[in-house]
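First up is the structure itself, then whatever we jot down about it.
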Amino acid sequence: MMTVSERIGRACLVIVVWAGLAFLTLPLAIIVAVSFTETEYLKFPPQGFTFRWYERFLADSSYLESIGLSASIAFGATAIAVLIGVPAALAITRSSLPGRGVVNAIFLAPLILPTIVIGAALLQYASALGFARSYAALLLGHVVIVVPYILRTVLASLARFDQSLEEASLDLGASGVSTFFLVTLPIIKPGIVAGALFALIISWINVELSIFNSTASLMPIPVKLFNYVQYAIDPMVAAISAGTIYVAIVAVVILDIFVGIDRVAASQK
């Protein structure tokens, strides 16, 4: 039986948890609600109910092109970051590579440097090599800023990895490649998926780096929204923002179905 003080402590903990959850989700709920308002300006609580702002958003091909560009960059940068981050994490934790601490620090440096500084540096670097303000420059920049997320989550998974499993696989005759794909990869997969999800989100919402390498015909959706709100603030902004929320919800549901949120969370403990 719990004492009175224990019950009060548990009740307070529950209240704090629900208050924190409300604090995090209430702004998202407000954005979604405002996206259906019938007024010509942002207003909460919304008046009426209409899909007009979604229809206006979807009817503008420039926004759809920006969304397609953002998706292409986000998925492309994440895929490349996985191909870089996973081997890098294995090299840092498994090999006798001299200066592993320095290598780790270099890979994680984008987490410390302001993204706007990286964007300005990338613009200068790409200009010197002749590919500034191009898709390649945008993709390269996004790879740089998302690799640390892959590296950190995979390093966390490898920190609790039982290497005797790999040794047993090798003793039973499996090759190093087979051992990686049949033993190592399934175990660290939650860490890879968690890092990939973080990478997708960071790439999708990035403005600071993208704005330095965007053009009128090459503009990710966050930059386009940033430019739009400089001159007009109407419910279409909320509709576009709500669309990104829907995408995030779908991504989390897919992650839970195929991997499991609890396994992803456990891999980072």
Side-chain angles (χ1 to χ4, degrees), residues 21-79 81 115 119 135 138-139 141-143 145-146 149 193-259 261 264:
L21 183 62
F23 177 77
L24 294 174
T25 58
L26 188 58
L28 304 181
I30 291 175
I31 290 174
V32 172
V34 170
S35 68
F36 295 104
T37 185
E38 291 183 345
T39 59
E40 297 291 330
Y41 52 90
L42 294 174
K43 178 178 176 59
F44 186 85
Q47 295 182 352
F49 184 89
T50 180
F51 288 103
R52 176 161 60 103
W53 303 109
Y54 288 91
E55 294 171 353
R56 178 178 169 184
F57 153 52
L58 294 174
D60 191 333
S61 61
S62 65
Y63 282 98
L64 299 181
E65 291 172 359
S66 293
I67 290 176
L69 176 63
S70 290
S72 173
I73 293 173
F75 281 98
T78 300
T115 311
Y135 180 85
L138 280 171
L139 182 61
H142 282 242
V143 169
I145 63 174
V146 302
Y149 295 92
V193 174
L197 182 61
F198 279 119
L200 278 170
I201 294 172
I202 294 300
S203 176
W204 180 269
I205 67 175
N206 180 269
V207 175
E208 298 90 342
L209 183 145
S210 300
I211 202 169
F212 280 96
N213 291 278
S214 298
T215 64
S217 59
L218 191 72
M219 190 175 298
I221 190 65
V223 177
K224 191 170 183 65
L225 273 177
F226 178 80
N227 291 334
Y228 183 79
V229 298
Q230 304 298 312
Y231 307 100
I233 300 180
D234 56 39
M236 190 176 77
V237 175
I240 300 172
S241 301
T244 62
I245 294 173
Y246 305 148
V247 172
I249 292 173
V250 171
V252 171
V253 171
I254 293 175
L255 176 65
D256 189 41
I257 291 173
F258 289 98
V259 179
I261 297 296
V264 172

Once you round to the nearest 0.5 Å, how far does [atom1] of [X] lie from [atom2] of [Y]?
X	Y	atom1	atom2	value
Leu139	Asn213	CG	CG	11.5 Å
Thr244	Leu225	OG1	CG	8.0 Å
Leu209	Thr115	CG	OG1	7.0 Å
Thr78	Ile201	OG1	CD1	10.0 Å

Which atom of [X] lies closest to which atom of [Y], heavy atoms considered:
X	Y	answer
Gln47	Thr39	OE1-CG2, 3.4 Å
Val34	Ala238	CG1-CB, 4.0 Å
Glu38	Arg52	O-NH2, 3.1 Å

Is there side-chain contact between [X] and [Y], with at least one heavy-atom pair below 4.5 Å?
X	Y	value
Val32	Tyr246	yes
Ile31	Ile245	yes
Phe226	Ile211	yes
Phe212	Ser214	no
Tyr135	Leu69	yes
Val223	Asn227	yes
Ile30	Leu26	yes

May I ask you to decide if [Y]'s main-chain N or O and [X]'s side chain share a donor-acceptor pair within less than 3.5 Å?
X	Y	value
Ser70	Pro220	no
Trp53	Thr37	yes
Arg56	Met236	no
Ser66	Met219	yes
Ser72	Gly68	no
Ser203	Leu200	no

Original post:
Hey, is Lys224 close enough to Glu65 for a salt bridge, meaning N to O under 4.0 Å?
Top reply: no
Subject >> Check against side chain to side chain contact (heavy atoms under 4.5 Å, CB included), Trp204 and Ile67 >> reply: CA-CA 9 Å; Trp204 180 269; Ile67 290 176; 3.8 Å; yes
Subject >> Atom OH of Tyr54 with >12 non-hydrogen neighbours under 6.0 angstrom >> reply: yes
Subject >> Atom CZ of Phe49: over 12 foreign heavy atoms under 6.0 Å >> reply: yes
Original post:
Are side-chain N/O atoms of Ser210 and His142 paired as donor and acceptor at under 3.5 Å?
Top reply: yes
Subject >> Asn206 vs Ile145, side chain to side chain contact (heavy atoms under 4.5 Å, CB included): CA-CA, chis, key distance, verdict >> reply: CA-CA 10 Å; Asn206 180 269; Ile145 63 174; 3.7 Å; yes
**OP:** For the pair Tyr228 and Tyr63, name the ring-plane relationship: parallel under 30°, tilted 30 to 60°, perpendicular over 60°.
**Re:** perpendicular
